[in-house]
Novice: 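One structure is given below, represented as structure tokens, and several questions about it will come after.
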Amino acid sequence: MNVNHVEIHTDGACKGNPGPGGWGALMRSGEHVREIFGGELETTNNRMELTAVIEALIALKRPCKITLYLDSEYVRKGITEWIHGWKAKGWRTAAKQPVKNADLWQKLDGLVATSGHQIEWRWVKGHAGDPGNERADALANQGVDKALGR
């Protein structure tokens with residue numbers, strides 16, 4: 001089976017935390033480039049980081065081999081390390097508090113489990129000149145503008 005390789009760069013942005021926020025994703029497969037973004041009026045930076053990844057995965061129509069670049073250790077560690085414990089504890093943290101953004105974590109977990117994607121999660125330093133991250137950041141900021149009706 002020939003599996004498409006897709007490179008995805010995601011980012012979230014928030015003006016105030018909470019406040020108006022945006023998310024963006026740059027998706028590249030061979031010569032094909034797709035950019036998506038959106039935003040919400042009352043949200044947090046972490047919610048936008050999660051939404052960017054979720055929306056990028058939803059945008060893919062069939063199982064792919066994905067290299068996903070993101071500047072959020074919260075999302076990368078959450079999905080690769082912490083989520084196992086959260087699920088085992090009924091979506092509670094080690095301190096027995098409800099997991100923040102559990103709705104989005106559950107959505108992301110479901111996508112990862114059922115999409116058939118092979119995902120390699122790669123952290124990149126934000127605002128450090130990585131072209132993919134810079135573009136995803138610009139898209140996330142377009143998402144903020146969209147949410148604000150600009």
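All of these numbers come straight from a predicted model, not from anything done at the bench. FYI, side chains are in, hydrogens and waters are out, and symmetry mates aren't considered; it's all heavy atoms of this structure.
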Novice: Measure the shortest side-chain to side-chain distance between T43 and P20 over non-hydrogen atoms and say whether it is less than 4.5 angstrom.
Specialist: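 Not touching, per the 4.5 Å side-chain cut-off.
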
Novice: Determine whether R92 and W86 satisfy the following criterion, side chain to side chain contact (heavy atoms under 4.5 Å, CB included), listing intermediate values before the conclusion.
Specialist: CA-CA 5 Å; R92 299 218 163 249; W86 294 338; over 6 Å; no

Novice: Report yes if some heavy atom in the side chain of E49 is under 4.5 Å from a heavy atom in the side chain of D71; otherwise report no.
Specialist: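 The answer is yes; the side chains approach within 4.5 Å.
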
Novice: Over all heavy atoms of both residues, which pair between G78 and W105 is shortest? Give the atoms and the distance, please.
Specialist: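 Closest approach of G78 to W105: CA-CH2, 3.5 Å.
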
Novice: If every non-hydrogen atom of G39 is compared with every non-hydrogen atom of A147, which pair is closest and at what distance?
Specialist: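 It is C-CB, 3.7 Å.
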
Novice: Is it possible for you to say whether L41 and M48 belong to one hydrophobic cluster, with membership spreading through side-chain heavy-atom contacts below 4.5 Å?
Specialist: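 No, L41 does not connect to M48 through the hydrophobic network.
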
Novice: Is there a side chain to side chain contact (heavy atoms under 4.5 Å, CB included) between L70 and R122? Walk through the geometry before answering.
Specialist: CA-CA 6 Å; L70 66 173; R122 289 216 193 147; 5.8 Å; no

Novice: Hey, could you give me the CD1/CD1 distance between I119 and I8, rounded to the nearest 0.5 Å?
Specialist: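 So the CD1 of I119 and the CD1 of I8 are separated by 7.5 Å.
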
Novice: Which residues pass the side-chain hydrogen bond (donor to acceptor under 3.5 Å, both in side chains) test with R28, sequence neighbours left out?
Specialist: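 Result, side-chain hydrogen bond (donor to acceptor under 3.5 Å, both in side chains) vs R28: none returned.
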
Novice: Can you tell me if H5 and T67 form a side-chain donor-acceptor pair at under 3.5 Å?
Specialist: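 Short answer, yes.
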
Novice: Calculate, to the nearest 0.5 Å, the distance between atoms CG and NZ belonging to L57 and K107 respectively.
Specialist: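 Output value for this atom pair is 11.0 Å.
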
Novice: Have a look at L60 and tell me which of I66, N4, L111 forms a side chain to side chain contact (heavy atoms under 4.5 Å, CB included) with it.
Specialist: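 Exactly one pass, corresponding to I66.
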
Novice: Testing the basics here: between P63 and G116, what is the closest heavy-atom pair and its distance to 0.1 Å?
Specialist: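 Of all heavy-atom pairs spanning P63 and G116, the closest is CB-O, 3.5 Å.
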
Novice: So, for W123 and Y74, is the gap between ring centers shorter than 6.0 Å?
Specialist: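 No, ring centres 6.0 Å or more apart.
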
Novice: Please step through salt bridge (Lys or Arg N to Asp or Glu O under 4.0 Å) for the pair D109 and K87, ending with a clear verdict.
Specialist: CA-CA 10 Å; D109 184 47; K87 284 159 69 171; 2.9 Å; yes

Novice: In Å, rounded to the nearest 0.5 Å, how long is the span from CD1 of I83 to NZ of K77?
Specialist: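 One finds 15.5 Å between CD1 of I83 and NZ of K77.
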
Novice: Between D130 and K125, is there a side-chain heavy-atom distance shorter than 4.5 Å?
Specialist: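 Result no, sub-4.5 Å side-chain heavy-atom pair not found.
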
Novice: The test is side chain to side chain contact (heavy atoms under 4.5 Å, CB included); show your working for E40 and W23 and say whether it passes.
Specialist: CA-CA 9 Å; E40 293 172 26; W23 58 268; 5.7 Å; no

Novice: Do N45 and N17 get their side chains close enough for a donor-acceptor pair, meaning under 3.5 Å?
Specialist: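 No, because no side-chain N or O of N45 sits under 3.5 Å from a partner of the opposite role on N17.
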
Novice: Taking the side chain as everything from C-beta on, heavy atoms only, tell me whether T10 gets closer than 4.5 Å to N133.
Specialist: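 When only atoms from C-beta onward are counted, N133 and T10 do not touch, as no gap falls below 4.5 Å.
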
Novice: Which atoms form the tightest heavy-atom contact between G132 and L26, and what is the distance?
Specialist: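 G132 and L26 have their closest heavy atoms at CA-CD2, 4.0 Å.
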
Novice: Do L139 and D11 have side chains that approach each other closer than 4.5 Å (heavy atoms only, starting at C-beta)?
Specialist: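 Side-chain contact under 4.5 Å: no.
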
Novice: Any side-chain heavy-atom pair from R34 and H32 closer than 4.5 angstrom?
Specialist: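 Side chain of R34 against side chain of H32, heavy atoms only: no contact under 4.5 Å found.
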
Novice: Hey, does R135 have a side-chain heavy atom less than 4.5 Å from the side chain of E35?
Specialist: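 A side-chain contact under 4.5 Å exists here.
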
Novice: What distance do H9 atom NE2 and E134 atom CD have between them, rounded to the nearest 0.5 Å?
Specialist: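 The NE2 atom of H9 sits 11.5 Å away from the CD atom of E134.
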
Novice: Before giving the answer on salt bridge (Lys or Arg N to Asp or Glu O under 4.0 Å), spell out for R47 and D103 the whole-Å C-alpha distance, their side-chain angles and the decisive distance to 0.1 Å.
Specialist: CA-CA 10 Å; R47 287 189 73 80; D103 58 328; 2.8 Å; yes

Novice: Do you know which two heavy atoms are closest between G19 and C14, and how far apart they sit?
Specialist: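 Reported closest heavy-atom pair: O-SG, 3.7 Å.
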
Novice: Does the side chain to side chain contact (heavy atoms under 4.5 Å, CB included) test come out yes or no for W121 and V112, once each step is laid out?
Specialist: CA-CA 12 Å; W121 303 88; V112 169; 4.0 Å; yes

Novice: How far does OG of S115 sit from CD1 of I58, to the nearest 0.5 angstrom?
Specialist: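 Rounded to the nearest 0.5 Å, the OG-CD1 separation comes out at 10.5 Å.
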
Novice: Where is the tightest heavy-atom contact between H117 and R62, given as atom of each residue plus distance?
Specialist: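 The pair with the smallest heavy-atom distance is CE1-O, 3.3 Å.
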
Novice: Give a yes-or-no answer on whether the side chains of K15 and N141 include a donor-acceptor pair shorter than 3.5 Å.
Specialist: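 N141 and K15 do have a side-chain donor-acceptor pair below 3.5 Å.
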
Novice: Which residues pass the side-chain hydrogen bond (donor to acceptor under 3.5 Å, both in side chains) test with H84, sequence neighbours left out?
Specialist: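 Result, side-chain hydrogen bond (donor to acceptor under 3.5 Å, both in side chains) vs H84: none returned.
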
Novice: What I'd like to find out is whether the side chain of R76 reaches to under 4.5 Å of the side chain of V124, using heavy atoms alone.
Specialist: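 Not in contact.
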
